[in-house]
2 protein chains.
Amino acid sequence: MTEVDRKRLCRRAAILKSLAHPSRLHIIELLETKPRCVGELTEAVGADITTVSKHLSVMKRVGLVRDEKHGTYSEYSLTCKCVTQLVDCIEESMAQTPYDVGCAVRQ
Amino acid sequence: MTEVDRKRLCRRAAILKSLAHPSRLHIIELLETKPRCVGELTEAVGADITTVSKHLSVMKRVGLVRDEKHGTYSEYSLTCKCVTQLVDCIEESMAQTPYDVGCAVRQ
DNA sequence: TATGTTGTTGGCAAAATGGCCAATAAACAG
DNA sequence: CTGTTTATTGGCCATTTTGCCAACAACATA
């Protein structure tokens with residue numbers, strides 16, 4: 001296991017971690033349609049705006065989303081279609097390995 | 001956001017979470033070649049065997065891997081090729097959104 | 001039966017994560 | 001300038017995750 005390999009695995013893990021949350025997946029799906037500002041996403045997700053803002057900053061840090069300022073608004077969008085592909089890959093995996101997740105909602 | 005949607009997002013998140021760790025990604029890569037027992041994986045990953053065993057149980061719970069007992073050995077393998085595809089999708093995403101992850105190793 | 005090998009589980013402490021509140025920043029409207 | 005809207009950041013606490021040790025279980029072998 002070289003240093004390069006270790007870095008690569010860490011980076012993959014960071015990307016996965018930034019996606020591994022129901023609200024964040026929800027946000028990704030919303031952004032697939034079109035760019036949105038934080039307020040819109042907050043309303044759809046149903047959490048505090050500060051929470052959503054932090055979710056977005058995590059995903060921005062790993063490069064999944066990008067933001068563009070328009071006045072007081074921050075418009076977030078996906079950096080590339082490959083994010084959508086990635087999520088679709090999960091969907092396929094799910095189809096083939098069915099199981100039940102104990103999924104408690106924490107607000 | 002229906003109850004079904006919520007469940008779907010939670011399940012996706014659980015799968016992603018079970019992959020979102022450098023050691024677990026390492027394990028997945030090793031299993032892509034061929035099935036392996038816990039000891040082999042432990043040696044490659046370089047962690048405690050109990051840690052690796054727990055990593056495996058997490059991935060087993062969400063259906064990414066499966067185990068088969070042979071005497072005292074537990075042979076783990078990927079449940080389907082789609083796991084490989086999934087990881088490849090991440091690789092593609094990475095190629096297009098370069099950034100640096102602060103990646104501390106914790107043993 | 002006694003011993004060794006292989007894995008799993010429980011438990012604990014350290015670290016990371018998630019969510020809300022308070023405070024702040026930045027742009028805009030009056 | 002004042003107040004409003006939109007978003008971000010810091011702080012705090014509860015929860016979750018991680019990783020190791022100790023203990024245990026299951027099988028193999030002498």
Point to revise | Atom-pair distance (CD on B:Glu75; P on C:dT8), nearest Å | key: 13 Å
Practice item. Could you check if a side-chain atom of A:Cys10 sits within less than 4.5 angstrom of a side-chain atom of A:Lys7, using non-hydrogen atoms only? Key: no
Review point. Taking OP1 and OP2 of C:dT8, is either one under 4.0 Å from a side-chain nitrogen or oxygen of B:Tyr76?
Key: yes
Practice item. Look at the SG atom of B:Cys89 and the SG atom of A:Cys89, then say if they are under 2.5 Å from each other. Key: yes
Practice item. Taking side-chain contact (heavy atoms from CB on, under 4.5 Å) as the test, write out the residues that go with B:Glu43, two or more places apart. Key: none
Kindly give the atom pairs (protein nitrogen or oxygen, nucleotide nitrogen or oxygen) under 3.5 Å for nucleotides 26-28 of chain D.
none

Practice item. Measure the distance from NE2 on B:His26 to C1' on D:dG19 and round it to the nearest whole Å. Key: 18 Å
**Study point:** Value in whole Å for how far the P atom of C:dG7 lies from CG of B:Asp67
**Key:** 11 Å
Exercise for review: Go through D:dC20, D:dA7, C:dC20 for me and flag the one nearest to the B:Ala47 side chain.
Suggested key: D:dC20
Check your understanding: Would you say A:Thr79's side chain and A:Arg66's backbone share a donor-acceptor pair under 3.5 angstrom?
Key -> no
Review point. Of the nucleotides C:dC21, C:dT6, D:dC20, which has the atom closest to the A:Thr50 side chain?
Key: C:dC21
Review point. Just how far, in rounded Å, is P of C:dT6 from CG of B:Leu41?
Key: 14 Å
Practice item. Apply the test side-chain contact (heavy atoms from CB on, under 4.5 Å) to residues B:Asp67 and B:Val38: give CA-CA distance (whole Å), side-chain angles for both, the deciding distance (0.1 Å), then the verdict. Key: CA-CA 10 Å; B:Asp67 68 330; B:Val38 185; over 6 Å; no
Exercise for review: Measure from NE2 on A:His21 to P on D:dT15 and round the result to the nearest Å.
Suggested key: 15 Å
Check your understanding: Rounded to whole angstrom units, what separation is found between the CG atom of A:Asp48 and the C1' atom of C:dA22?
Key -> 11 Å
Review point. Can you list the steps and then say if B:Lys34 with B:Glu75 is a salt bridge (Lys or Arg N to Asp or Glu O under 4.0 Å)?
Key: CA-CA 10 Å; B:Lys34 64 176 188 221; B:Glu75 189 187 68; over 6 Å; no
Practice item. Give a yes/no answer on whether the side chain of B:Ser74 brings an N or O atom under 4.0 Å of OP1 or OP2 in C:dT8. Key: yes
Review point. For residues 52-60 of chain B, which residues have at least one heavy atom under 4.0 Å from DNA chain D?
Key: B:Lys54, B:His55
Check your understanding: Could you state the CD-C1' distance from A:Glu68 to D:dA7, rounded to the nearest angstrom?
Key -> 16 Å
Point to revise | Nearest-nucleotide comparison on DNA chain C, the residue closer to the 5′ end among B:Glu40 and A:Ala20 | key: B:Glu40
Review point. Is the closest basic N to carboxylate O distance between A:Arg8 and A:Glu3 below 4.0 Å?
Key: no
Exercise for review: Spell out, as yes or no, whether a donor-acceptor pair under 3.5 Å connects the side chain of A:Arg24 to the backbone of A:Ser18.
Suggested key: yes
Check your understanding: Can you check the B:Tyr73 OH to C:dT5 P distance for me, whole Å?
Key -> 10 Å
Review point. Between the main-chain N or O of A:Thr50 and the side-chain N or O of A:Ser53, is there a donor-acceptor pair closer than 3.5 Å?
Key: no
**Study point:** Candidate nucleotides D:dT6, D:dT17, C:dC20, ranked by approach to the side chain of B:Lys17 - the nearest
**Key:** D:dT17
